[in-house]
Amino acid sequence: MTDDELAANFVARRPEALEEAYRAYAPVLYSVARHVLGSDADAQDCVHDALLRIWGRTDAYRPERGSLRTFLSVCVRNEAIGRKREAARHFHIEQRMALAEPEQPYELEIADPVDRTRLRNALATLPDEQRQALELAYFRYLSHTQISEKLGVPLGTIKSRLAMGLRKLQNTLPAQPAGTL
Amino acid sequence: MKDQHMGDIVELYALGVLDRDEARGVEMHVATCADCARLLGEAERTVTSLDALTVPRLEPPPELAARIAASSRVVTPLRPRRPVNVARWGALAASLLVAAVGVTGTREIANDRATIASDDRAFSAIAVSHFLHTTLTKTVADAPTAKVLWGKTPHWLYVIVDSPACDCNVVGITATGERDLGTPAVRDNTSTLFVPDAPDVTRIELRRDGKTLSGAQHP
(Lines give C-alpha, C1' and ligand atoms only; values in the text may rest on other atoms or scores of the structure.)
Protein backbone atom coordinates (compact mmCIF):
# COMPACT_ATOMS: atom_id res chain seq x y z
CA MET A 1 0.00 0.00 0.00
CA THR A 2 1.38 3.44 -0.90
CA ASP A 3 1.77 6.33 1.50
CA ASP A 4 -1.04 8.16 -0.28
CA GLU A 5 -3.37 5.19 0.10
CA LEU A 6 -2.51 4.91 3.77
CA ALA A 7 -3.21 8.61 4.26
CA ALA A 8 -6.51 8.38 2.38
CA ASN A 9 -7.61 5.46 4.54
CA PHE A 10 -6.60 7.37 7.66
CA VAL A 11 -8.59 10.45 6.65
CA ALA A 12 -11.57 8.26 5.74
CA ARG A 13 -11.39 6.64 9.20
CA ARG A 14 -11.34 3.13 7.81
CA PRO A 15 -11.28 0.81 10.83
CA GLU A 16 -7.99 -0.84 9.87
CA ALA A 17 -6.22 2.43 8.99
CA LEU A 18 -4.44 2.94 12.30
CA GLU A 19 -3.01 -0.58 12.32
CA GLU A 20 -1.91 -0.19 8.70
CA ALA A 21 -0.23 3.11 9.44
CA TYR A 22 1.53 1.69 12.45
CA ARG A 23 2.78 -1.32 10.47
CA ALA A 24 4.11 0.97 7.76
CA TYR A 25 5.87 3.44 10.04
CA ALA A 26 6.54 1.43 13.19
CA PRO A 27 10.37 1.66 13.11
CA VAL A 28 10.24 5.44 12.60
CA LEU A 29 7.75 6.04 15.39
CA TYR A 30 9.38 3.69 17.85
CA SER A 31 12.91 4.93 17.11
CA VAL A 32 11.93 8.56 17.64
CA ALA A 33 10.21 7.80 20.96
CA ARG A 34 13.06 5.58 22.12
CA HIS A 35 15.63 8.22 21.21
CA VAL A 36 13.89 10.90 23.27
CA LEU A 37 12.90 8.77 26.25
CA GLY A 38 15.83 6.37 26.45
CA SER A 39 13.72 3.43 27.61
CA ASP A 40 12.03 0.60 25.70
CA ALA A 41 9.01 0.45 27.97
CA ASP A 42 8.50 4.22 27.97
CA ALA A 43 8.86 4.33 24.20
CA GLN A 44 6.20 1.63 23.74
CA ASP A 45 3.78 3.45 26.03
CA CYS A 46 4.48 6.72 24.25
CA VAL A 47 3.86 5.37 20.74
CA HIS A 48 0.72 3.54 21.86
CA ASP A 49 -0.77 6.53 23.67
CA ALA A 50 0.15 9.06 20.98
CA LEU A 51 -1.43 6.98 18.20
CA LEU A 52 -4.57 6.33 20.20
CA ARG A 53 -4.90 10.00 21.03
CA ILE A 54 -4.62 10.88 17.35
CA TRP A 55 -7.06 8.14 16.38
CA GLY A 56 -9.58 9.51 18.85
CA ARG A 57 -9.75 12.81 16.98
CA THR A 58 -11.05 12.78 13.45
CA ASP A 59 -9.71 16.26 12.74
CA ALA A 60 -6.14 15.54 13.85
CA TYR A 61 -4.69 14.87 10.39
CA ARG A 62 -5.42 16.68 7.16
CA PRO A 63 -3.55 16.15 3.89
CA GLU A 64 -2.51 19.81 3.62
CA ARG A 65 -0.19 19.18 6.55
CA GLY A 66 2.00 16.82 4.52
CA SER A 67 2.62 13.11 4.63
CA LEU A 68 0.97 10.91 7.23
CA ARG A 69 4.41 9.54 8.10
CA THR A 70 5.76 13.00 8.98
CA PHE A 71 2.60 13.91 10.88
CA LEU A 72 2.68 10.76 13.01
CA SER A 73 6.40 11.04 13.62
CA VAL A 74 6.16 14.61 14.91
CA CYS A 75 3.14 13.74 17.06
CA VAL A 76 5.05 10.87 18.69
CA ARG A 77 8.13 13.05 19.14
CA ASN A 78 6.11 15.79 20.82
CA GLU A 79 4.39 13.25 23.05
CA ALA A 80 7.79 11.84 24.04
CA ILE A 81 9.19 15.29 24.79
CA GLY A 82 6.12 16.13 26.88
CA ARG A 83 6.59 12.94 28.88
CA LYS A 84 10.26 13.62 29.39
CA ARG A 85 9.48 17.09 30.74
CA GLU A 86 6.69 15.78 32.97
CA ALA A 87 9.02 13.17 34.45
CA ALA A 88 11.68 15.78 35.07
CA ARG A 89 9.16 18.06 36.75
CA HIS A 90 7.89 15.20 38.87
CA PHE A 91 11.34 14.57 40.24
CA HIS A 92 12.05 18.28 40.66
CA ILE A 93 15.09 18.15 38.47
CA GLU A 94 13.81 20.25 35.63
CA GLN A 95 15.95 23.23 36.49
CA ARG A 96 19.00 21.06 37.00
CA MET A 97 18.41 19.35 33.71
CA ALA A 98 17.93 22.63 31.93
CA LEU A 99 20.52 24.80 33.52
CA ALA A 100 23.24 22.94 35.29
CA GLU A 101 23.95 19.47 33.94
CA PRO A 102 27.10 19.12 31.88
CA GLU A 103 26.20 18.33 28.31
CA GLN A 104 27.94 16.09 25.83
CA PRO A 105 28.35 17.62 22.42
CA TYR A 106 25.37 16.35 20.42
CA GLU A 107 27.65 15.31 17.58
CA LEU A 108 29.04 12.48 19.70
CA GLU A 109 25.56 10.97 19.74
CA ILE A 110 25.44 10.61 15.95
CA ALA A 111 27.19 7.41 14.97
CA ASP A 112 27.32 7.80 11.20
CA PRO A 113 30.15 10.17 10.18
CA VAL A 114 28.39 11.06 6.93
CA ASP A 115 25.24 12.08 8.74
CA ARG A 116 27.32 13.95 11.28
CA THR A 117 28.98 15.96 8.52
CA ARG A 118 25.68 16.67 6.79
CA LEU A 119 24.19 17.95 10.01
CA ARG A 120 27.23 20.01 10.88
CA ASN A 121 27.23 21.62 7.44
CA ALA A 122 23.53 22.43 7.63
CA LEU A 123 23.79 23.97 11.10
CA ALA A 124 26.90 25.92 10.08
CA THR A 125 24.78 27.95 7.68
CA LEU A 126 22.84 29.44 10.59
CA PRO A 127 23.83 32.50 12.61
CA ASP A 128 25.31 31.43 15.95
CA GLU A 129 22.36 32.62 18.03
CA GLN A 130 19.85 30.66 15.91
CA ARG A 131 22.03 27.53 15.89
CA GLN A 132 22.47 27.69 19.66
CA ALA A 133 18.73 27.98 20.32
CA LEU A 134 17.91 25.21 17.85
CA GLU A 135 20.45 22.86 19.37
CA LEU A 136 18.93 23.34 22.83
CA ALA A 137 15.45 22.73 21.45
CA TYR A 138 16.16 19.80 19.18
CA PHE A 139 18.93 17.95 20.97
CA ARG A 140 18.22 18.82 24.61
CA TYR A 141 14.40 18.94 24.41
CA LEU A 142 14.22 22.19 26.34
CA SER A 143 11.05 24.26 26.17
CA HIS A 144 11.13 27.79 24.81
CA THR A 145 10.92 29.10 28.37
CA GLN A 146 13.86 26.97 29.50
CA ILE A 147 15.95 28.10 26.54
CA SER A 148 15.13 31.69 27.34
CA GLU A 149 16.21 31.21 30.96
CA LYS A 150 19.31 29.25 30.08
CA LEU A 151 20.56 31.81 27.57
CA GLY A 152 19.31 34.87 29.46
CA VAL A 153 17.50 36.09 26.35
CA PRO A 154 13.87 37.33 26.22
CA LEU A 155 11.34 34.66 25.34
CA GLY A 156 10.09 36.49 22.27
CA THR A 157 13.62 36.66 20.89
CA ILE A 158 14.10 32.94 21.46
CA LYS A 159 10.86 32.16 19.64
CA SER A 160 11.98 34.21 16.67
CA ARG A 161 15.42 32.61 16.60
CA LEU A 162 13.95 29.11 16.71
CA ALA A 163 11.43 29.80 13.97
CA MET A 164 13.89 31.55 11.67
CA GLY A 165 16.53 28.90 12.24
CA LEU A 166 14.17 26.06 11.42
CA ARG A 167 12.95 27.84 8.28
CA LYS A 168 16.52 28.27 7.08
CA LEU A 169 17.23 24.61 7.66
CA GLN A 170 14.37 23.74 5.32
CA ASN A 171 16.59 24.83 2.48
CA THR A 172 19.91 23.46 3.67
CA LEU A 173 19.15 20.01 5.07
CA PRO A 174 19.63 17.17 2.61
CA ALA A 175 16.51 15.51 1.28
CA GLN A 176 15.60 12.46 3.32
CA PRO A 177 17.04 9.41 1.53
CA ALA A 178 14.70 6.50 1.03
CA GLY A 179 15.16 3.76 3.56
CA THR A 180 16.53 5.96 6.31
CA LEU A 181 14.62 6.79 9.42
CA MET B 1 1.05 34.81 4.73
CA LYS B 2 2.80 33.88 7.95
CA ASP B 3 1.91 37.17 9.62
CA GLN B 4 -1.78 36.69 8.79
CA HIS B 5 -1.90 33.33 10.54
CA MET B 6 -0.12 31.82 13.47
CA GLY B 7 3.29 33.40 13.04
CA ASP B 8 6.27 31.58 14.49
CA ILE B 9 4.20 29.22 16.59
CA VAL B 10 3.98 26.50 13.92
CA GLU B 11 7.77 26.10 13.91
CA LEU B 12 7.76 26.05 17.72
CA TYR B 13 5.12 23.30 17.65
CA ALA B 14 7.14 21.22 15.19
CA LEU B 15 10.22 21.52 17.40
CA GLY B 16 8.29 20.45 20.49
CA VAL B 17 9.17 23.52 22.57
CA LEU B 18 5.57 24.50 23.38
CA ASP B 19 3.83 23.34 26.52
CA ARG B 20 0.72 21.16 26.29
CA ASP B 21 -1.83 23.97 26.36
CA GLU B 22 -0.07 25.92 23.64
CA ALA B 23 0.36 22.79 21.55
CA ARG B 24 -3.32 21.95 21.94
CA GLY B 25 -4.21 25.41 20.71
CA VAL B 26 -2.11 24.89 17.59
CA GLU B 27 -3.66 21.48 16.91
CA MET B 28 -7.17 22.84 17.19
CA HIS B 29 -6.42 25.79 14.97
CA VAL B 30 -4.65 23.79 12.29
CA ALA B 31 -7.63 21.44 12.11
CA THR B 32 -9.64 24.32 10.66
CA CYS B 33 -7.03 26.35 8.76
CA ALA B 34 -5.50 24.90 5.58
CA ASP B 35 -2.86 27.65 5.25
CA CYS B 36 -1.52 27.08 8.75
CA ALA B 37 -1.65 23.31 8.17
CA ARG B 38 0.64 23.73 5.14
CA LEU B 39 3.05 25.94 7.10
CA LEU B 40 3.12 23.45 9.92
CA GLY B 41 3.71 20.61 7.47
CA GLU B 42 6.79 22.39 6.09
CA ALA B 43 8.21 22.84 9.58
CA GLU B 44 7.45 19.21 10.46
CA ARG B 45 9.27 17.97 7.36
CA THR B 46 12.38 19.84 8.49
CA VAL B 47 12.22 18.23 11.92
CA THR B 48 11.86 14.75 10.41
CA SER B 49 14.84 15.51 8.14
CA LEU B 50 16.82 16.21 11.30
CA ASP B 51 15.53 12.95 12.76
CA ALA B 52 16.78 11.10 9.69
CA LEU B 53 20.31 12.29 10.44
CA THR B 54 20.32 11.92 14.20
CA VAL B 55 18.00 9.10 15.32
CA PRO B 56 19.28 5.50 15.11
CA ARG B 57 16.76 3.20 13.48
CA LEU B 58 15.37 0.53 15.80
CA GLU B 59 12.78 -2.19 15.34
CA PRO B 60 9.93 -2.09 17.84
CA PRO B 61 9.01 -5.23 19.77
CA PRO B 62 6.24 -7.22 18.03
CA GLU B 63 3.92 -7.02 21.01
CA LEU B 64 3.48 -3.29 20.48
CA ALA B 65 1.67 -3.90 17.19
CA ALA B 66 -0.77 -6.25 18.91
CA ARG B 67 -1.33 -3.75 21.70
CA ILE B 68 -2.08 -0.92 19.28
CA ALA B 69 -4.36 -3.12 17.21
CA ALA B 70 -6.34 -4.15 20.28
CA SER B 71 -6.68 -0.59 21.56
CA SER B 72 -7.63 0.87 18.18
CA ARG B 73 -10.67 -1.39 18.04
CA VAL B 74 -12.12 0.04 21.22
CA VAL B 75 -11.41 3.72 20.50
CA THR B 76 -14.27 5.45 18.75
CA PRO B 77 -13.12 8.53 16.88
CA LEU B 78 -14.75 11.72 18.08
CA ARG B 79 -16.77 13.66 15.59
CA PRO B 80 -14.99 16.80 14.43
CA ARG B 81 -16.31 19.97 15.91
CA ARG B 82 -17.96 22.37 13.54
CA PRO B 83 -16.81 25.98 13.67
CA VAL B 84 -18.69 27.66 16.47
CA ASN B 85 -20.28 31.07 16.65
CA VAL B 86 -18.65 32.11 19.91
CA ALA B 87 -21.22 34.77 20.79
CA ARG B 88 -24.18 32.43 20.28
CA TRP B 89 -22.42 29.58 22.05
CA GLY B 90 -21.53 31.87 24.92
CA ALA B 91 -25.15 32.92 25.35
CA LEU B 92 -26.20 29.28 25.32
CA ALA B 93 -23.53 28.34 27.84
CA ALA B 94 -24.57 31.21 30.06
CA SER B 95 -28.21 30.17 29.97
CA LEU B 96 -27.27 26.56 30.75
CA LEU B 97 -25.18 27.79 33.62
CA VAL B 98 -28.04 29.83 35.03
CA ALA B 99 -30.28 26.77 34.76
CA ALA B 100 -27.67 24.59 36.44
CA VAL B 101 -27.32 26.96 39.36
CA GLY B 102 -31.07 27.11 39.71
CA VAL B 103 -31.43 23.34 39.76
CA THR B 104 -28.50 22.39 41.95
CA GLY B 105 -28.22 25.40 44.14
CA THR B 106 -24.64 24.42 44.99
CA ARG B 107 -21.68 26.64 44.47
CA GLU B 108 -19.30 23.76 43.81
CA ILE B 109 -21.22 22.32 40.89
CA ALA B 110 -21.86 25.76 39.50
CA ASN B 111 -18.16 26.50 39.56
CA ASP B 112 -17.36 23.22 37.80
CA ARG B 113 -19.79 23.97 35.05
CA ALA B 114 -18.59 27.53 34.72
CA THR B 115 -15.05 26.25 34.27
CA ILE B 116 -16.08 23.71 31.66
CA ALA B 117 -18.16 26.28 29.81
CA SER B 118 -15.33 28.80 29.95
CA ASP B 119 -12.80 26.32 28.62
CA ASP B 120 -15.09 25.09 25.86
CA ARG B 121 -15.61 28.68 24.77
CA ALA B 122 -11.87 29.22 24.87
CA PHE B 123 -11.14 26.15 22.77
CA SER B 124 -13.88 27.09 20.33
CA ALA B 125 -12.33 30.54 19.98
CA ILE B 126 -8.86 29.07 19.55
CA ALA B 127 -10.12 26.75 16.85
CA VAL B 128 -11.77 29.39 14.69
CA SER B 129 -9.50 32.41 15.01
CA HIS B 130 -5.86 33.38 14.94
CA PHE B 131 -3.96 34.22 18.09
CA LEU B 132 -0.61 35.17 19.56
CA HIS B 133 0.78 33.96 22.84
CA THR B 134 2.97 35.51 25.52
CA THR B 135 4.47 34.24 28.76
CA LEU B 136 3.90 36.56 31.69
CA THR B 137 7.05 38.14 33.11
CA LYS B 138 7.32 37.57 36.85
CA THR B 139 7.74 40.57 39.11
CA VAL B 140 7.99 38.51 42.31
CA ALA B 141 9.97 35.31 42.75
CA ASP B 142 7.10 33.10 43.89
CA ALA B 143 4.73 34.08 41.10
CA PRO B 144 3.26 31.06 39.29
CA THR B 145 4.27 30.55 35.68
CA ALA B 146 1.52 31.83 33.42
CA LYS B 147 0.85 32.63 29.81
CA VAL B 148 -1.81 34.38 27.81
CA LEU B 149 -3.22 33.70 24.36
CA TRP B 150 -4.35 36.89 22.59
CA GLY B 151 -7.09 36.31 20.04
CA LYS B 152 -6.86 38.50 16.95
CA THR B 153 -10.41 38.33 15.66
CA PRO B 154 -12.40 38.69 17.82
CA HIS B 155 -10.20 40.05 20.57
CA TRP B 156 -10.46 37.38 23.23
CA LEU B 157 -7.97 36.46 25.94
CA TYR B 158 -7.17 33.08 27.46
CA VAL B 159 -4.98 33.11 30.56
CA ILE B 160 -3.37 29.85 31.70
CA VAL B 161 -1.68 29.74 35.10
CA ASP B 162 0.56 26.76 35.79
CA SER B 163 -0.92 26.19 39.23
CA PRO B 164 -4.27 24.82 40.38
CA ALA B 165 -4.39 27.26 43.28
CA CYS B 166 -2.93 30.54 42.11
CA ASP B 167 -5.18 32.55 44.45
CA CYS B 168 -4.97 35.52 42.15
CA ASN B 169 -7.03 37.61 39.77
CA VAL B 170 -6.37 38.89 36.28
CA VAL B 171 -6.40 42.64 35.65
CA GLY B 172 -6.59 44.15 32.19
CA ILE B 173 -4.80 47.43 31.53
CA THR B 174 -6.35 49.72 28.94
CA ALA B 175 -5.52 53.15 27.54
CA THR B 176 -7.92 54.73 29.99
CA GLY B 177 -7.34 52.67 33.12
CA GLU B 178 -7.71 49.09 34.26
CA ARG B 179 -10.42 46.58 35.12
CA ASP B 180 -10.66 43.24 36.84
CA LEU B 181 -11.14 40.48 34.26
CA GLY B 182 -11.83 37.72 36.76
CA THR B 183 -10.27 34.89 38.72
CA PRO B 184 -8.77 31.85 36.96
CA ALA B 185 -10.66 28.65 37.71
CA VAL B 186 -9.05 25.31 38.46
CA ARG B 187 -8.65 22.95 35.50
CA ASP B 188 -6.59 19.85 36.23
CA ASN B 189 -3.16 21.10 37.31
CA THR B 190 -3.69 24.61 36.01
CA SER B 191 -6.01 27.56 36.44
CA THR B 192 -7.59 29.18 33.42
CA LEU B 193 -9.61 32.26 32.58
CA PHE B 194 -11.29 32.96 29.24
CA VAL B 195 -12.27 36.57 28.48
CA PRO B 196 -14.39 36.52 25.33
CA ASP B 197 -14.24 40.22 24.50
CA ALA B 198 -11.28 42.40 25.45
CA PRO B 199 -10.42 44.61 22.45
CA ASP B 200 -9.12 47.49 24.58
CA VAL B 201 -6.75 45.51 26.81
CA THR B 202 -3.11 46.26 26.03
CA ARG B 203 -1.58 44.51 29.04
CA ILE B 204 -2.65 41.97 31.62
CA GLU B 205 -1.36 41.42 35.12
CA LEU B 206 -1.80 38.63 37.65
CA ARG B 207 -2.43 40.12 41.07
CA ARG B 208 -2.83 38.75 44.56
CA ASP B 209 -4.28 41.02 47.23
CA GLY B 210 -3.61 43.97 44.97
CA LYS B 211 0.05 43.09 44.50
CA THR B 212 1.26 42.44 40.95
CA LEU B 213 2.80 38.97 40.54
CA SER B 214 3.49 39.02 36.81
CA GLY B 215 2.41 40.73 33.63
CA ALA B 216 2.45 40.62 29.86
CA GLN B 217 2.10 43.26 27.17
CA HIS B 218 0.03 42.62 24.07
CA PRO B 219 2.63 41.57 21.46
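Each chain gets a letter, A, B and so on, in the order the sequences are listed, and its residues count up from 1.
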Checking [X] against chain A: side chain, backbone, both or neither under 4.5 Å from a heavy atom?
X         : value
Leu12(B)  : side chain
Thr145(B) : neither
Arg67(B)  : both

Could you give the distance from [atom1] ([X]) to [atom2] ([Y]), rounded to the nearest 0.5 Å?
X        : Y        : atom1 : atom2 : result
Thr48(B) : Arg69(A) : OG1   : CZ    : 7.0 Å
Arg65(A) : Glu42(B) : CZ    : CD    : 13.0 Å
Tyr30(A) : Glu59(B) : OH    : CD    : 10.0 Å

Relative to chain B, which segment of [X] carries a heavy atom at a distance below 4.5 Å: side chain, backbone, both, or neither?
X         : result
Ile81(A)  : side chain
Glu19(A)  : side chain
Leu29(A)  : neither
Asp45(A)  : both
Ser148(A) : neither
Leu169(A) : both
Leu166(A) : both
Ser73(A)  : side chain

Ignoring hydrogens, what is the shortest heavy-atom contact between [X] and [Y]? Give both atom names and the distance.
X        : Y         : result
Pro61(B) : Gln44(A)  : CG-NE2, 3.1 Å
Ser49(B) : Leu173(A) : CB-CD1, 3.7 Å
Pro60(B) : Ala26(A)  : CG-CB, 3.8 Å
His35(A) : Pro56(B)  : ND1-CD, 3.6 Å
Ser72(B) : Leu18(A)  : CB-CD2, 3.5 Å
Leu50(B) : Leu119(A) : CD2-CD1, 3.5 Å

Taking the side chain from [X] and the backbone from [Y], do they hold a donor-acceptor pair closer than 3.5 Å?
X         : Y        : answer
Tyr138(A) : Asp51(B) : yes
Arg62(A)  : Ala31(B) : yes
Ser143(A) : Leu18(B) : no
Arg85(A)  : Asp19(B) : no

Note, [X] side chain near [Y] side chain (heavy atom, < 4.5 Å):
X         : Y         : answer
Leu134(A) : Leu15(B)  : yes
Val17(B)  : Ile158(A) : no
Glu11(B)  : Lys159(A) : no

Comparing His144(A), Arg77(A), Arg34(A) against chain B, the one with the most heavy-atom pairs below 4.5 Å turns out to be His144(A)
Q) Just wondering, more than 12 heavy atoms not from Asp142(B) lying within 6.0 Å of its CG? A) yes
**Prompt:** Is it true that Glu27(B) and Arg53(A) make a salt bridge, defined as a side-chain N closer than 4.0 Å to a carboxylate O?
**Reply:** yes
Checklist line | Under-4.0 Å salt bridge between Asp8(B) and Arg167(A) | finding: yes
Comparing Thr137(B), Thr134(B), Thr135(B), Leu64(B) against chain A, the one with the most heavy-atom pairs below 4.5 Å turns out to be Leu64(B)
Scan the side chains in residues 165-174 of chain B for donor-acceptor partners under 3.5 Å anywhere in the protein, sequence neighbours excluded, and list what turns up.
unit_1: Asn169(B); atom_1: ND2; unit_2: Asp180(B); atom_2: OD1; d: 2.9
unit_1: Thr174(B); atom_1: OG1; unit_2: Thr176(B); atom_2: N; d: 3.3
unit_1: Thr174(B); atom_1: OG1; unit_2: Thr176(B); atom_2: OG1; d: 3.4
unit_1: Thr174(B); atom_1: OG1; unit_2: Gly177(B); atom_2: N; d: 3.2
unit_1: Thr174(B); atom_1: OG1; unit_2: Gly177(B); atom_2: O; d: 3.2

